Each structure stands twice: as structure tokens, then as C-alpha cells.
Amino acid sequence: MSDAKTSALVMIDRRVTLKWLIAGAMAVGQLAACGDQAKGISWPEVAAIKAQGIGVDPDLINPVVPWPLTLTAAELVTAADLADLILPAEGNSPAPSKVGVPAFINEWVSAPYPDQHEDRQLVIPGLAWLDTESKTRNGVIFANADVSAQKLILDDIAFKDKVKPGLEMPAKFFNRFRSLTLGAFYTTREGWAEIGYMGNTPGTGDYPGPTPEALAHIKGVIEGMGLTYTAP
Amino acid sequence: MDTVGSSVNAYFPQLEGRPRYNEDGAMGLHAYIPFWDYKGVKDGTAGTPRGYHVEIGGSFGDPGMGVGSGLDGYGSSLRADVNRRYGSRINFTQRGEMIPNAKVVLRDRYQHQRQVRHPGAEILLRLVRARAEPGHALPEAMKELIDKLGGTLIGEPAEPAKAISKGGEIIHEVGAARMGKDAKDSVVNQFGKSWDVDNLYLTDGSVFASKAHKNPTLTIMALAMRSSENIAARLRSGEL
């Protein structure tokens, strides 16, 4: 556990986690009583953000985010850990937490719009659930658990055909958080470099079109379907 | 009226791992099918009363927030899925003809802003069977095509009433003063001249009798040219 994580924990927002501790305890009881028939767990309501939006005709030269960022330091630590588990650093690609993905998610779920509120309604209780679940299983919050222990929790919610009965809402949260993480990461320069997006760049002369390799690939696809390929 | 619109997206495994290149220079629409299932429309078996066209597109575009949609799991395999799938998505956009019905209404609606009364219009496009049908037939036809090509749909098309775009979304709003051959059931004659007022011509999209699947601007210009020639001829003859 890094020093940054330790200091962030001091600022943990107890309001949501307390609700979760209660909900989690009830869920455990239900599981014991009902076996595999557990109906899932309740999901706390998160208050809607009331703040100014971007509005019309914003200053695009000096962009600002007019709404306050609302994730706590502890939530940001959990979000960073989760994003880095979703897309760990690999080869030349940095971890999401190194390219501002947690900050992006903070801005996203703090935005005063209906779609973002729907995501907020998943993300904030979801991050709290990770802590509650980790405490139940490992005795420590999610960010302080070993990577292997973190992954065991994800294995119960990350695969759509293998969601542990009762964990449908955490699975829904994870699905949405994964989308946000991927969207945030692959819209960075680092994400572009990895995925191979080569546009958004000035060029001179005629547009060169597909490379010979790309044309050869398409030729293979077309001929593979029993059709005749005509070179452009 | 507005053009009836619908859209279906699919991934094609054949396109996975395409060698990368800058595809920003290619427009989103790579192929255009000017009329789909002409025979079916003619026979009445197409499930849509009039024709529609299909616009086909997809590219190595700048990744957006949907880059991870439909993916599963986490870690290295997820990263591999994102990379493998990039550039293998094709969107099939359909545009069909809308026929007016009794529930399509244009009415005056004044807006009050800063104590000033601004004239405006409110267009009410209500769903009737004839408008709902193409909303069903269009995605179904594309599903069949995608299936034959070995693609995987990205999400099932919504139920018919929701699969089609809302009135105004295709931004082809026309009609309300239709052209016709008789003052009983139309507002203007074949030259855009009002039946009621001899020197009043309408030269915009209001005279359309239906909303075809194509963009209306060139038709509006052609009709305006036709109106102009008629006005000029009548001026020369002293009739106007």
C-alpha cells in the first residue's frame, strides 16, 4: 500500500459505505437463508447533482468544467485500482491511472446531466460495494487487498455469463465502469497509439487510401467469401 | 413529414485485425445502395409500403466512449478484444419514405421571448401503422444481410415503434401545403401556385406530398426553378 493510498483513506466518505455495510450484512443473511435463490442486493440511491452544465456557446479556447468534482479521494483510489485491473499496463501502453482515467471518470459522474446521473447511480455505490465486499472477504478495503484477492472479486462480476447470483447490480456497475474506463483510455494519445488510430493529423496531396497490406487483407476476405476481388 | 430512419450496427470477424492506416480521409459512408429490395416493395412483400435506401459505413475512426461496448471480462484479454475489434464494425443506416397520414399536423405555435411574440410552427408526427411498419422491416432486412455475411449484431434492434427515428431527427421536415391536381385535396398546383391566391407561390419543402428517403434540397431547388419558369411565363403573357 502506497503512502498516497494511506492518506486518501483518511478522507473516506462513510455515508455510502455505512449503508453498504448494512446492506451487505443483510445480503449475507439472505444468502445463508435462501442459498442460490438470493434476489440480489439493494442499491442505495445517490442524490442527483445540481450544478451548472456546459451550457450553450462555451469558451472552447479556455475550456472549464463548471460542475464541482465529487468523488472523494478514497473513491478515486478505488477507481484508479479498478481501472488499472481492467486495463493493466502492457508493452508501451501505460496503466489508465497514469493517463488521467480516474479524473475523467470523476468529471463524468459529477456532471449534472441525466445520462451521467445514471452512471453516477452505478459508480458511487459500486465503488463502495467493492470496499464492503473486500472487507467481508479479506478484512481490508478493496484498494488494500492483494491483486489476486481483487481479481477474485472481479471474477464474480466481470463476466456476463458467470455473474455470481445476487451480484447482478455490482455486475451492472462493473460493466458500466469498464465502458467508461475503455472510453476514457482509448480517447487519449496513448490509447490512440495502442489501438492504431492514425488520423486527426494534417496531410498534403491526395488522400493515399488503404495501404497495400490493408488491400491484401480485404482481397483475402472477399476471395474467402467466394467473390471476385477487383483492385481499386 | 420526415424521412423514416433506422440504423443497425454489427461486427464482422472477417474485418478483425485489419492492417491499420489513416482512414480519416474516407468518408463515413463507404457504400450506398440507392434502393433496397425493389422487387419486394413492388410485390408488397417487403413489409414497407415504399422504398428505402441503405448507407453503409465504418472505419478506423477516432475511438469514442462506445469503444468498449459489448465487451466482457477484464485484463489482457479485454485489451486484446478492443484491439482486435477496432475497425471491424459496419453500420447500416436505412432511410425510407414517409407517407402522410391524418395524424400528421402542422400548427401555429407562438413563442414568447423577452415580451416579443415570435411566430413558429409545431410539427406533430404521430405513429400510425404505415409509419411503424418500415421501422420493423428495415432492421429485419439488415439483420438477414448481416447474418448471411457472418456478422454479429451490436444489440438487438429495438421494437418497431422505437427502432425508427423520431420525427425531425433526420432533418428532412417537409410538407403541410401539399402539391396536387385538385383544390379539394391540395394547397398548391403543379407549379407551386396556391389554389386560393393567384399570385402566391410556395417554393420550399412545404409542397411535398410525401417525404421520400432522399435529401429534399435538390428537389426543392428543382421545384423552385419550375415555379420560377411558370411565374416568368405568366408575367410575359400579362396574366400576372
Side-chain angles (χ1 to χ4, degrees), chain A residues 82-91 93 104 108 115 119 150-151 154-155 157-162 174-188 191-192 194-203 206-218 220-222 224-225, chain B residues 9-31 56-90 113 145-152 154-156:
Chain A
L82 185 56
D84 290 355
L85 284 164
I86 288 170
L87 215 56
E90 201 173 314
S93 281
F104 175 95
W108 183 280
D115 286 355
D119 292 346
Q150 290 176 328
K151 284 184 176 177
L154 296 196
D155 288 342
I157 58 173
F159 300 88
K160 57 177 175 277
D161 295 331
K162 289 190 284 182
F174 183 83
N175 183 48
R176 192 63 202 132
F177 193 92
R178 175 175 53 209
S179 277
L180 293 176
T181 299
L182 294 175
F185 180 80
Y186 286 103
T187 48
T188 63
W192 285 5
E194 184 205 303
I195 205 169
Y197 172 59
M198 297 159 74
N200 197 37
T201 181
D206 291 340
Y207 169 58
T211 58
E213 294 78 19
L215 286 175
H217 175 258
I218 289 294
V221 169
I222 289 173
M225 295 171 80
Chain B
N9 292 282
Y11 286 111
F12 290 86
Q14 305 96 312
L15 299 179
E16 287 180 351
R18 278 204 296 149
R20 307 291 202 248
Y21 58 97
N22 180 355
E23 212 167 12
D24 275 5
M27 69 183 287
L29 185 161
H30 285 239
I56 299 172
S59 72
F60 291 130
D62 54 329
M65 288 306 289
V67 70
S69 68
L71 291 180
D72 205 26
Y74 65 94
S76 286
S77 63
L78 176 67
R79 181 190 298 282
D81 286 344
V82 173
N83 281 272
R84 194 185 68 242
R85 209 177 60 165
Y86 178 55
S88 66
R89 171 180 173 149
I90 297 181
Q113 284 176 354
L145 173 71
I146 289 163
D147 192 48
K148 281 183 179 164
L149 287 171
T152 309
I154 302 171
E156 279 291 308

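As the structure is a computational prediction, the values presented were derived from the model and not from experiment. Naming: A, B, ... by sequence-line order, numbering from 1 per chain.
The OG1 atom of A:T187 sits 6.5 Å away from atom CE of B:M65, with the distance rounded to the nearest 0.5 Å. Remark: A:E194 CD to B:R79 CZ distance equals 4.5 Å, nearest 0.5 Å. Here the CG-CD1 distance, from B:D62 to A:I195, works out to 10.5 Å after rounding to the nearest 0.5 Å. Atom CG in B:D24 sits 10.5 Å away from atom CE in A:M198 (nearest 0.5 Å). Rounding to the nearest 0.5 angstrom, the gap separating the CZ atom in B:R20 from the OG1 atom in A:T211 is 11.0 Å.
With sequence neighbours excluded, the residues that form a ring pair (Phe, Tyr, Trp, His ring centres under 6.0 Å) with B:Y86 are B:F60. With sequence neighbours left out, the ring pair (Phe, Tyr, Trp, His ring centres under 6.0 Å) criterion links A:F185 to no other residue.
Counting heavy atoms from C-beta outward, A:R178 and B:D72 have side chains that approach closer than 4.5 Å. B:V82 places none of its side-chain heavy atoms less than 4.5 Å from the side chain of A:L87. In this structure, the side chains of B:R18 and A:V221 stay at 4.5 Å or more apart for every pair of heavy atoms.
In terms of heavy-atom proximity, B:E16 sits nearest to A:H217 at O-NE2, 3.7 Å. Here the shortest heavy-atom pairing between A:E90 and B:S76 reads OE1-OG, 2.8 Å. When all heavy atoms are compared, the tightest approach of A:G209 to B:Y21 is O-CD1, 3.7 Å.
The part of A:I218 that comes within reach of chain B is its side chain, from C-beta onward, which places non-hydrogen atoms under 4.5 angstrom from that chain. Within the 4.5 angstrom heavy-atom criterion, no atom of A:F177 approaches chain B. Interface remark: A:A83 contributes no atoms to any contact with chain B (heavy atom separation under 4.5 Å). When heavy atoms are compared at a cutoff of 4.5 Å, A:K151 approaches chain B by way of both its backbone and its side chain.
The residue among B:L71, B:L149, B:N83 with the most heavy atom pairs within less than 4.5 Å of chain A is B:N83. Each of A:A184, A:S93, A:P210, A:P88 has some count of heavy-atom pairs under 4.5 Å with chain B, and the biggest count is that of A:P210. Considering only heavy-atom pairs separated by less than 4.5 Å from chain A, the leading option among B:G25, B:G150, B:G17 is B:G25.
Formation of a donor-acceptor pair under 3.5 Å by the A:Y207 side chain with backbone atoms of B:N22 is found in this model.
Side-chain contact of A:D155 with B:Y74: a donor-acceptor pair under 3.5 Å is present, judged by distance alone.
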